Engineer: 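Please read through the structure below; I'll follow up with questions.
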Amino acid sequence: MSHDPNCIFCKIVAKKIPARIVHEDEDTIAFEDLNPQAPTHILIVPKKHIADIHSIAESDRELIGHLFLVAKTISSTKGLDKGGYRMVINNGHGAGQTVFHLHLHLLSGRRFTWPPG
Ligand code: 5GP
Ligand code: ZN
């Protein structure tokens, strides 16, 4: 599986640095964000190192669908679907991406405004 030794999320996948893991399966891992922006702030991450949306390959089709199904499972398990939640991908520096390993932000537990900041 594609892996970048300098990538912080690859290190979390490899259990080289700790994280509060809320879900793990063969292809994905989900853990609490270190700097939460809402009462619930979970990052859903493919174990494969994919830097950003533009690095997604045709062969990742199933994996990307799986990420959304993991988000659904976590949201249901934690009851987030009742009050609503926001899912965000910051793609590229201009959009605020700071970790270049693809991830879904799952945010819940407060009201969210639109348009986002
Ligand atoms: P981005 O800015 O790329 O959309 O999101 C990166 C997220 O990763 C940020 O919300 C940041 O707080 C989180 N983050 C960065 N380093 C770590 C870490 O070592 N552990 C955890 N759990 N979250 C991290
Ligand atoms: Zn990585």
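What you see is a predicted model, and the numbers here were worked out from it, not measured in a lab. Start at 1 and go down the list; that is how both ligands and their atoms are numbered.
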Engineer: Do Val13 and Ile56 share a hydrophobic cluster (ILVMFWY, side-chain heavy atoms under 4.5 Å, transitive)?
Structural biologist: no
Engineer: Among all protein heavy atoms, pick the one closest to atom 18 (C) of ligand 1 and tell me residue, atom and distance.
Structural biologist: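 Answer, as residue, atom name and distance: Leu34 CD2, 3.7 Å.
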Engineer: Among the N/O/S atoms of His49, which is closest to the Zn ion (ligand 2)? Give the atom name.
Structural biologist: ND1
Engineer: Mind checking whether Val99 has an N or O less than 3.5 Å away from an N or O of ligand 1?
Structural biologist: yes
Engineer: Relative to the heavy atoms of Phe9, which atoms of ligand 1 are at a distance of less than 4.0 Å?
Structural biologist: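 In order of number, 8 (O).
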Engineer: Checking His103 side chain against Ala30 main chain: does a donor-acceptor pair fall under 3.5 Å?
Structural biologist: no
Engineer: Counting heavy atoms only, which part of Phe31 comes closer than 4.0 Å to ligand 1: side chain, backbone, both or neither?
Structural biologist: side chain
Engineer: Can a donor-acceptor pair be found, under 3.5 Å and without considering hydrogens, that links the side chain of Arg110 to the backbone of Gln37?
Structural biologist: yes
Engineer: List the atom of His23, the atom of Val70, and the distance in Å for their closest heavy-atom pair.
Structural biologist: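 Taking His23 first and Val70 second, the nearest heavy atoms are CD2-CG1, 3.6 Å.
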Engineer: If we only count N/O pairs under 3.5 Å, is Asp33 in contact with ligand 1?
Structural biologist: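 So ligand 1 has an N or O lying under 3.5 Å from an N or O of Asp33.
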Engineer: Please report the interatomic distance CZ(Phe9) to CG(Asp4), rounded to the nearest 0.5 Å.
Structural biologist: 12.5 Å
Engineer: Take every heavy atom of His103, measure it against each atom of ligand 1, and state whether any distance is under 4.0 Å.
Structural biologist: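 The answer is yes: ligand 1 sits under 4.0 Å from a heavy atom of His103.
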Engineer: Using a strict cut-off of 4.0 Å, indicate which atoms of ligand 1 neighbour a heavy atom of Asn35.
Structural biologist: 12 (O)
Engineer: Please state the angle at the Zn ion (ligand 2) spanned by SG of Cys10 and SG of Cys7: what is it, rounded to 10 degrees?
Structural biologist: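 Taking the Zn ion (ligand 2) as the apex, I get 120° for this pair.
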Engineer: Where does Arg20 meet ligand 1, judged by heavy-atom distances below 4.0 Å: at the side chain, the backbone, both, or neither?
Structural biologist: neither
Engineer: Can you name the N, O or S atom of His101 that is closest to the Zn ion (ligand 2)?
Structural biologist: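 Closest N, O or S atom of His101 to the Zn ion (ligand 2): ND1.
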Engineer: Roughly how far, to the nearest 0.5 Å, is CD1 of Ile12 from CD1 of Ile29?
Structural biologist: 7.5 Å
Engineer: Can you establish whether the number of heavy atoms outside Lys78 located under 6.0 Å from its atom NZ is more than 12?
Structural biologist: no
Engineer: Any sub-3.5 Å donor-acceptor pair from Asp33's side-chain atoms to His41's backbone N or O?
Structural biologist: no
Engineer: Hey, is Leu43 touching ligand 1 through its side chain, its backbone, both or neither, going by heavy atoms under 4.0 Å?
Structural biologist: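 It is the side chain that touches ligand 1; the backbone stays farther off.
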Engineer: Can a salt bridge be assigned to the pair Glu24 and Lys47 using a cut-off of 4.0 Å between side-chain N and carboxylate O?
Structural biologist: yes
Engineer: Using a 4.0 Å heavy-atom cut-off, which part of Ile12 comes near ligand 1: side chain, backbone, both, or neither?
Structural biologist: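 Contact part for Ile12 vs ligand 1: side chain (C-beta onward).
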Engineer: Compute the shortest N/O to N/O distance between Thr98 and ligand 1 and return yes if it is under 3.5 Å, no if not.
Structural biologist: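 So ligand 1 has an N or O lying under 3.5 Å from an N or O of Thr98.
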Engineer: Using the rule side-chain contact (heavy atoms from CB on, under 4.5 Å), only one of His49, Lys16, Lys48 pairs with Cys10; which is it?
Structural biologist: His49
Engineer: Got more than 12 heavy atoms from elsewhere within 6.0 Å of CZ, Phe112?
Structural biologist: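 Yes.
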Engineer: How does Ile8 reach ligand 1, if at all, at less than 4.0 Å between non-hydrogen atoms: by side chain, backbone, both, or neither?
Structural biologist: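 The side chain, only.
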Engineer: Around atom 22 (N) of ligand 1, find the nearest protein heavy atom and jot down its residue, atom name and distance.
Structural biologist: Glu32 O, 2.9 Å
Engineer: Has ligand 1 got any nitrogen or oxygen that is less than 3.5 angstrom from a nitrogen or oxygen of Gly96?
Structural biologist: yes
Engineer: Would you say Phe100 contacts ligand 1, with heavy atoms under 4.0 Å as the rule?
Structural biologist: no
Engineer: Report the residue from Asp60, Asp27, Asp25 that forms a side-chain hydrogen bond (donor to acceptor under 3.5 Å, both in side chains) with His66.
Structural biologist: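 One option only clears the test, and that one is Asp25.
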Engineer: Counting only heavy atoms, which portion of His105 has something under 4.0 Å from ligand 1: side chain, backbone, both, or neither?
Structural biologist: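 It is the side chain that touches ligand 1; the backbone stays farther off.
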